[in-house]
Amino acid sequence: MMIPKLNLAFRVMAALLAGSALAPAQLAPVPVAPVPAPAPPAPPQAAAPAPADGEAIFAAIVRVENQSWEPNYRVPWNSGGTGGGVGTGFLIAPNRFLTNAHVVSDSRLLYVKKVDDPKPYEAEIVHIAHDCDLALLALKDPSAFENVRPLRLGGVPLLNSTVIAVGYPIGGQRISVTRGVVSRIDFQSFAHSGVDFHLAIQVDAAINPGNSGGPVIQEGMVVGVAFQGYSGDVAQSTGFMIPVPVIHRFLEDVSDGTYDHYPDLAISHFNLQNPAQRKALNLPNDGIGVMVASADSAGSAGGLLQTGDIIVAMDGFPVSSDGFVNMLGSRVNMNEIVERKYVGDVVKLKVIRQGKAMDLEITLKRFLPYLIQANQYDQKPQYVVFAGLLFQPVDRNMMAAHGVNNLNVRYLFNFYSQDEVYKDRPQIVVLTDILPDEINTHFDLFRHQAVDEINGRKIRTLEDVHKALGNPQPEGGFHVIRFLGEGRPMVIEASRVAAANQRVAEKYNVSEDHRFGGSVMAP
């Protein structure tokens with residue numbers, strides 16, 4: 001999607017939240033329900049059987065059970081803890097089940113169960129998209145579903161129309177159906193990643209833990225996937241579903257065997273609704289046009305759009321002064337135009353620059369720097385341990401785990417994209433912890449500070465830290481570590497490091513002294 005940087009304050013606030021520990025009334029993925037103990041067989045029911053259409057729909061809906069691994073960012077060399085949860089999925093094509101990414105994230109063992117069938121069927125993730133909270137699963141043995149009819153996708157439901165949400169809320173063993181009304185269709189923050197915005201549909205049907213990944217149905221067709229809601233006392237009976245345009249886009253993207261993610265213009269803009277402001281810009285008071293505030297150099301529009309450009313049309317659709325367009329019979333956020341495109345596609349803009357009309361064609365690509373503020377999944381924490389000093393790169397998971405409040409680090413994290421910090425520091429490396437040892441006494445004042453330089457080497461990535469400290473005989477016999485905003489360096493006697501590393505490894509069970517991974521700037 002195109003990141004709406006006019007909402008930067010909201011994005012920064014979202015980036016500061018720690019995982020799913022959300023305050024009341026904040027948007028959150030519907031948590032997967034914990035796996036309960038096996039329930040005794042239920043007594044026979046005297047209720048009349050469901051209609052044939054209902055039976056066909058229910059047969060395609062599965063209970064998803066995920067045994068997950070949870071990385072430990074405080075003790076990153078440990079294997080982490082295990083957890084488990086229950087969600088919902090549904091058959092969308094032969095041996096392809098659609099569910100939420102947050103239902104199957106960090107998975108180590110995955111099973112699905114059919115309605116009225118206690119047998120677990122082992123599944124695997126075929127594609128997962130954390131940016132739009134969708135995933136495709138396949139069974140290792142699909143024979144049990146050979147005669148099951150996949151559910152069909154419908155369209156975008158109308159406001160005030162009725163839908164039903166089907167799934168396994170609260171981890172129940174039996175399928176549940178709730179009914180509600182479509183109350184809003186709008187761009188929303190997707191809480192699974194914490195930074196992405198996509199089209200979402202608000203409904204007042206009850207969407208509870210375990211409903212995640214289940215179909216929302218209207219007239220026998222899928223019109224959405226249940227995925228998140230508000231917690232707390234402010235917003236009651238408010239849930240959200242991922243609509244069909246987002247589902248179609250995900251399925252089309254993975255049709256070639258890989259997921260290319262969403263492209264992004266990566267611009268910020270100002271609405272131009274004030275008449276005096278429009279007059280000062282020599283614009284007619286016709287309600288058309290928004291002003292470009294900035295265009296990130298690493299984004300699709302970098303070097304093409306300039307601050308002060310007035311965007312008056314995208315792909316031929318006039319852009320209103322509030323950033324909306326009339327598209328396919330609906331008035332939607334202009335982000336929706338880019339939202340439906342793919343990496344490598346072109347978006348055509350009509351802009352006014354210094355009073356002159358111009359036509360621009362922009363080839364779309366991913367914008368990677370914003371991922372530093374996204375929740376990370378399916379990966380092990382990166383780190384370096386040296387003489388009891390724990391160095392880690394900044395990302396949302398690490399910041400939440402260690403509660404980093406150093407002002408320099410908070411600035412680099414919050415404005416990593418806006419101020420293009422990534423140009424000089426693809427990774428911001430922080431001294432997150434100190435494992436007490438005689439070699440590192442009285443170093444607490446350096447905790448949670450960003451590393452600037454080690455032994456004269458500028459630190460741009462975590463690997464730079466490892467390389468800079470790899471010399472057993474640095475100049476002068478001391479390792480000198482300098483931190484941003486701190487005049488005093490940390491000094492460690494090199495001759496004592498080998499013995500200290502051995503003590504630390506034995507005392508704190510440090511199995512390996514480093515682990516690297518891709519930078520946030522890596523595709």
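All values derive from a computational prediction rather than experimental measurement.
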- Query: Checking side chain to side chain donor-acceptor pair (under 3.5 Å) for the pair Y416/D395: CA distance, chi angles, key distance, verdict?
  - Reply: CA-CA 10 Å; Y416 183 79; D395 61 26; over 6 Å; no
Taking side-chain contact (heavy atoms from CB on, under 4.5 Å) as the definition, give me every residue that meets it alongside [X], ordered by chain and number, with sequence neighbours left out.
X	result
L109	Q67, Y111, E122
V292	L305, D309, I311
Y342	R249, E252, D253, D345
E124	K140

What residues, two or more places apart in sequence or in another chain, satisfy side-chain hydrogen bond (donor to acceptor under 3.5 Å, both in side chains) together with [X]?
X	answer
S193	D196
D260	none
R278	D286
D133	H102

N-O pairing of R63 and E65 below 4.0 Å: yes
The salt bridge (charged side-chain N to carboxylate O under 4.0 Å, His left out) partners of K380 (sequence neighbours excluded) come to none
Residues passing the salt bridge (charged side-chain N to carboxylate O under 4.0 Å, His left out) test with K365, sequence neighbours excluded, are none
Residues 117-164 vs ring pair (Phe, Tyr, Trp, His ring centres under 6.0 Å), sequence neighbours excluded, gives F97-F145, H130-H192, H130-Y377
Sorted by chain and residue number, the ring pair (Phe, Tyr, Trp, His ring centres under 6.0 Å) partners of F90 (sequence neighbours excluded) come out as none
